[in-house]
Protein chains: 2
Amino acid sequence: MTTPAARPLDQRVRDTLDRLERDVDAWFATADPAGSPYLMPLSYLWDGRTLLISTAGTNPTARFLEATGTVRIAIGHTRDVVLIHADVREKIPAAEIPDEVGDAFAAKAGFEPRAQGGGYSYFRLVPRHVQAWREANELAGRDLMADGKWLTGDDAPSEAEPRCTSGT
Amino acid sequence: MTTPAARPLDQRVRDTLDRLERDVDAWFATADPAGSPYLMPLSYLWDGRTLLISTAGTNPTARFLEATGTVRIAIGHTRDVVLIHADVREKIPAAEIPDEVGDAFAAKAGFEPRAQGGGYSYFRLVPRHVQAWREANELAGRDLMADGKWLTGDDAPSEAEPRCTSGT
């Protein structure tokens, strides 16, 4: 098999925004404040700047988001990676979500947190750092967002690491 | 679309063992001891009881595995989930791995940690808890292993939760 040529930065950003818009689920990695990791697939809604998710307040994901304020998100599969480091901007009880936002979430996720009896909240997550790569030849230039800002062709490319999917 | 019937326990165990054997990569979620999550795709080798991975000792995954001794692993995609909670059994410097194990890892992963200049180690991970589900109708019975033991048809099924992929 021939590995396709590495995508330039602007194409990776476009591909990543497309995935954020179209994909329904992603992996959400959180941790309790003592360092025990947690991992769960969740549906999300992307509004162009933030990801909105919803889960029961008693679930580990909700508790750990509240406790630590930070999450790692993986969209796609292990050979077409979009990896996001995000902060929790706000927690919104299900009853307090604006109607149009709640409707948009339910339509995308196929799931209605407002009908779950009051125990659900939404969390708005703000990407701080975004990376995307497919094979080893895309490790150089995998940084797409730093400090909350999408990079452009004028930004210095990230350095390659010695190894692809087993590298970190 | 019609959701396929929920798979019985023995079929889920077979499917899960098949994925463990055939899949090359998985998502590995770790956390630093202060509760900051980390998520990375890595190649692994399954020997029937444990997963073997390898990464540079300076990488977050290696440091957090050493510090906390615990990891969450996701194989497959978000609508065909295999979710594993595993403990670190041992860390093996690349130079000390038995030849046949190192060879088997390199053949499966397509990556040779022993050729990386000495900074790589292997980690042997022992599953403690395993779950598998596809759609909401498979949330009941999603527990396949508890306390390190594969469940059988004689074990009580796990209870359903109110919601599929957005449930937790």
Side-chain angles (χ1 to χ4, degrees), chain A residues 23-44 53-56 58-62 64 67-79 81 83-85 105 109-113 115-117 119-120 133 136 161-168, chain B residues 23-44 53-56 58-62 64 67-79 81 83-85 105 109-113 115-117 119-120 133 136 161-168:
Chain A
D23 281 28
V24 175
D25 305 321
W27 293 102
F28 290 79
T30 53
D32 78 10
S36 184
Y38 195 74
L39 184 60
M40 191 55 58
L42 294 169
S43 301
Y44 69 89
I53 63 172
S54 183
T55 183
T58 53
N59 280 335
T61 300
F64 299 165
T68 71
T70 183
V71 57
R72 300 268 178 164
I73 306 160
I75 307 177
H77 60 79
T78 56
R79 300 284 170 133
V81 174
L83 205 51
I84 301 171
H85 190 182
F105 181 89
F111 159 64
E112 181 48 271
Q116 301 299 322
Y120 274 65
W133 72 91
E161 284 186 359
R163 160 64 194 158
C164 177
T165 50
S166 275
T168 303
Chain B
D23 280 29
V24 175
D25 304 322
W27 293 102
F28 289 79
T30 53
D32 78 10
S36 184
Y38 196 75
L39 184 60
M40 190 57 55
L42 294 168
S43 302
Y44 69 89
I53 62 172
S54 183
T55 183
T58 53
N59 281 335
T61 299
F64 298 165
T68 72
T70 183
V71 58
R72 301 266 178 165
I73 305 161
I75 308 177
H77 60 79
T78 55
R79 301 283 171 135
V81 174
L83 205 51
I84 301 170
H85 190 182
F105 181 88
F111 159 61
E112 182 49 270
Q116 301 299 321
Y120 274 65
W133 72 90
E161 285 185 359
R163 161 61 195 160
C164 177
T165 50
S166 276
T168 303

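Chain letters run A, B, ... following the sequence lines, proteins first and then strands; every chain starts at 1.
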Let me know if A:A26 has heavy atoms under 4.5 Å from chain B in its side chain, its backbone, both or neither. backbone

Please enumerate all residues that pass salt bridge (Lys or Arg N to Asp or Glu O under 4.0 Å) together with B:D32, with sequence neighbours excluded. none

Honestly, the part of A:V24 sitting under 4.5 Å from a heavy atom of chain B is side chain

Can you tell me which portion of A:T68 sits under 4.5 Å from chain B's heavy atoms? Options are side chain, backbone, both or neither. side chain

Verdict with supporting geometry, B:Y38 and B:V71, side chain to side chain contact (heavy atoms under 4.5 Å, CB included): CA-CA 10 Å; B:Y38 196 75; B:V71 58; over 6 Å; no

Less than 4.5 Å apart, side chain to side chain, heavy atoms only: is that true for A:I75 and A:I84? yes

Could you look at A:L83 and say if it's the side chain, the backbone, both or neither that has a heavy atom under 4.5 Å from chain B? side chain

With a 4.5 angstrom heavy-atom cut-off, could you sort out which part of A:A34 is near chain B: side chain, backbone, both or neither? backbone

Out of B:P113, B:A67, B:G35, which one racks up the most heavy-atom pairs below 4.5 Å with chain A? B:G35

With the side chain counted from C-beta on, respond yes when A:T70 and A:H85 share a heavy-atom pair under 4.5 Å apart, and no when they do not. yes

Looking only at atom types and distance, does a side-chain atom of A:Y44 sit under 3.5 Å from a main-chain N or O of A:D23, one as donor and one as acceptor? yes

Would you say the rings of A:F28 and A:F64 are close, in the sense that their centroids are separated by under 6.0 Å? no

Side chain, backbone, both or neither: which part of A:I73 has a non-hydrogen atom closer than 4.5 Å to chain B? backbone

